[in-house]
Amino acid sequence: RLYKIESKAIAGLAESLTNDGNTYLAQLLLLEVLPHNISNPNRPYVPDAELAFRNAINKDISVLCEETSQIKATYSQDGKSIIAGNYDGGIDIWDSQTGMRIHSFPGESVYSAMFSPNQKELLVTKGNGGSSDPMFHPKEYHDITIINAANGTVVKTLKGHELEVYKAAYSKDGSTIVSTSWDGTIRTWDANTGKCTHIIRGKESGNDFYRYEFSSIVQLSPDKKKLLSNFGSKEMQIWDVNTETCINTLKGYRSWLSSACFSNNGKQIASAGADSIIMIWDAEKGVCKDTLIGHKETVFSISFSNDDRFLVSTSNDSTVRIWDVERKKCIRTLKRDFVATDASFSPDGKTVLLSSVRDRKVRIWNIQQTPTIKIANDKEGFNHIAFTLNGDYIALADYNGIHLLKMNEMKGYTINYQGANCINFSGDGSLFTTMRSYFDNRSNIQLYDTKTGTHPADDIQYRTHHVH
């Protein structure tokens, strides 16, 4: 009896943790109270515990860390580990499957941290996000540190920037490091020797402290021959790394740019900013190919999936969106009560890692978890289910009506057409027909517009047919 009381209490606690996004901790607690566990094989079965465990597993959002100092998190190359800089001190590394912290290295004011591609080293920068006051740019903020991922010891320090380093990253093969600083320069470094190999500088700004224009964006193309920047904020530059010259300027934004990246095959560039529009560019020609419209406010970050089929974006409108790049469509939208400021796909594309500088939490979005929606009075089951060929819509018929759902939003409408036992979409999915059969061998067929759920014509003969 005491075991049952304890199990119910833990099930209640686990439900609260799951609702708050702490699914890893909820699962660990519940594993201890489910029957046939190793530590207590005789524990009795309690339905509440099993239900809580299923809810924790099926939760689409997990909070990995709630500490108030996490700024940005990234996956390791194999997706098994997650690393984040801890501004209050040090670097934290978690197991991405269990959510358990596996390493914690001491440090101060860590602004960013990432794994090297071979996962043997960590690239670390320190800072406070930039300030016009020189006292907030101490010399240790000017350096980039490479540390051993196993024991946290310093391997080498990259020196050369004259003000705080804003961002640093490895090239795809790990041989080169690229960095941008508030001193108005972008530098490339030999990752093996730690020597600076190229310097690209913005235009003079006229500011006494920041002498040159600052670029918040920096990324190398996969072949390391080109580099992206946004000196001047409202436009993007493509540089030839070897000659240190600008070979193209991409314009089209009305306000400042916040994020840009090369696709993994190097053929496309995605960019986004304060005007809420995501633009897809031909990397070779420097022309805009497509625009992705859906966000309502500033887009903070964008990132391609490993196969370049999808793009994930975060915005100040409290949504995270996943886009099908080829179809130019948003296929999933996550809307919660937090604002994610950075997002990236896991290497296998099954999850998205979310970071927020607002609430300083790290979250994992399980994008393979299918959203669910309650459809009124579906206890008797559905008579028929149909999809459009492109998968955008699903139609479900039961004795209460026809339910149309838009798959990427899981929102839709219900048509008061009782007893339908057949639904068919047109080839392009814009129309669908319903059929209801009667006991005297008569059938009633009606035609509807998929988007609106209304008949496409006023003529009753066009929209309704009786078949004997």
Side-chain angles (χ1 to χ4, degrees), residues 10 13-33 37-39 52-53 56-57 59-127 145-155 168-170 336 338 340-348 350-366:
I10 290 178
L13 174 60
E15 286 284 9
S16 298
L17 290 169
T18 296
N19 292 334
D20 291 337
N22 294 317
T23 57
Y24 291 119
L25 183 55
Q27 290 174 47
L28 289 173
L29 286 173
L30 290 164
L31 284 171
E32 289 300 312
V33 300
N37 67 66
I38 295 174
S39 61
F53 188 70
I57 291 174
K59 183 81 172 180
D60 61 347
I61 289 289
S62 302
V63 177
L64 187 66
C65 178
E66 288 196 57
E67 296 185 7
T68 59
S69 56
Q70 304 302 323
I71 294 179
K72 180 180 177 180
T74 57
Y75 278 107
S76 60
Q77 193 84 349
D78 61 8
K80 294 181 179 180
S81 301
I82 293 169
I83 184 173
N86 186 329
Y87 185 73
D88 288 343
I91 301 161
D92 293 323
I93 301 175
W94 297 274
D95 184 304
S96 63
Q97 299 301 312
T98 66
M100 301 295 291
R101 184 182 283 122
I102 53 180
H103 288 297
S104 187
F105 300 129
E108 293 182 3
S109 304
V110 174
Y111 192 71
S112 69
M114 70 175 294
F115 284 100
S116 61
N118 64 11
Q119 299 176 202
K120 294 181 179 180
E121 296 175 335
L122 307 177
L123 188 65
V124 180
T125 66
K126 295 182 178 182
T145 307
I146 299 174
I147 68 174
N148 186 299
N151 56 33
T153 58
V154 175
V155 177
Y170 280 101
R336 292 291 193 272
F338 63 87
T341 51
D342 190 80
S344 59
F345 285 98
S346 60
D348 62 9
K350 294 180 179 180
T351 61
V352 170
L353 188 63
L354 305 174
S355 309
S356 175
V357 297
R358 301 286 181 83
D359 63 9
R360 302 293 177 91
K361 292 182 181 180
V362 178
R363 298 172 172 90
I364 298 176
W365 178 18
N366 180 5

If we only count heavy atoms from C-beta on, is the Lys126 to Tyr111 side-chain gap below 4.5 Å? no
Hey, are the side chains of Leu353 and Ile364 touching, using non-hydrogen atoms and a 4.5 Å cut-off? yes
Nearest non-hydrogen partners of Arg358 and Thr341, listed with the distance: CG-CG2, 4.5 Å
Closest non-hydrogen contact found for Pro347 with Gln77 is CG-O, 3.3 Å
At what distance, to the nearest 0.5 angstrom, does OG of Ser355 lie from NZ of Lys361? 13.5 Å
Atom of Ala113, atom of Ile91 and distance for their closest heavy-atom approach: CB-CG2, 4.2 Å
Please round to the nearest 0.5 Å and tell me the distance separating atom CE of Met114 and atom OG of Ser344. 10.0 Å
Give the minimum heavy-atom separation between Gly152 and Ile147, together with the two atoms involved. O-CB, 4.1 Å
If you take all heavy atoms of Ile82 and Phe115, which pair is closest and at what distance? C-CE1, 4.4 Å
Closer than 3.5 angstrom, by distance alone: can the side chain of Gln119 be matched with the main-chain N or O of Asp78 as a donor-acceptor pair? yes
Which pair of non-hydrogen atoms, one from Ala343 and one from Leu354, has the smallest distance, and what is that distance? CB-CD2, 3.6 Å
Are any non-hydrogen side-chain atoms of Ile146 and Tyr170 less than 4.5 angstrom apart? yes
If you measure from OG on Ser116 to CG on Asn148, what distance do you get to the nearest 0.5 Å? 9.5 Å
Whether the side chain of Ser81 engages the backbone of Ser76 through a donor-acceptor N/O pair (distance < 3.5 Å, no angle test) should be reported. no
State, yes or no, whether a side-chain contact exists between Val110 and Phe105 at a heavy-atom distance under 4.5 Å. no
Mind checking the CD1-CD1 spacing from Ile102 to Ile93? Nearest 0.5 Å is all I need. 6.0 Å
How many angstroms lie between atom CZ of Phe345 and atom OG1 of Thr351, to the nearest 0.5 angstrom? 9.5 Å
Let me confirm one number: the CG-NE2 distance from Asp95 to His103, rounded to the nearest 0.5 Å. 10.5 Å
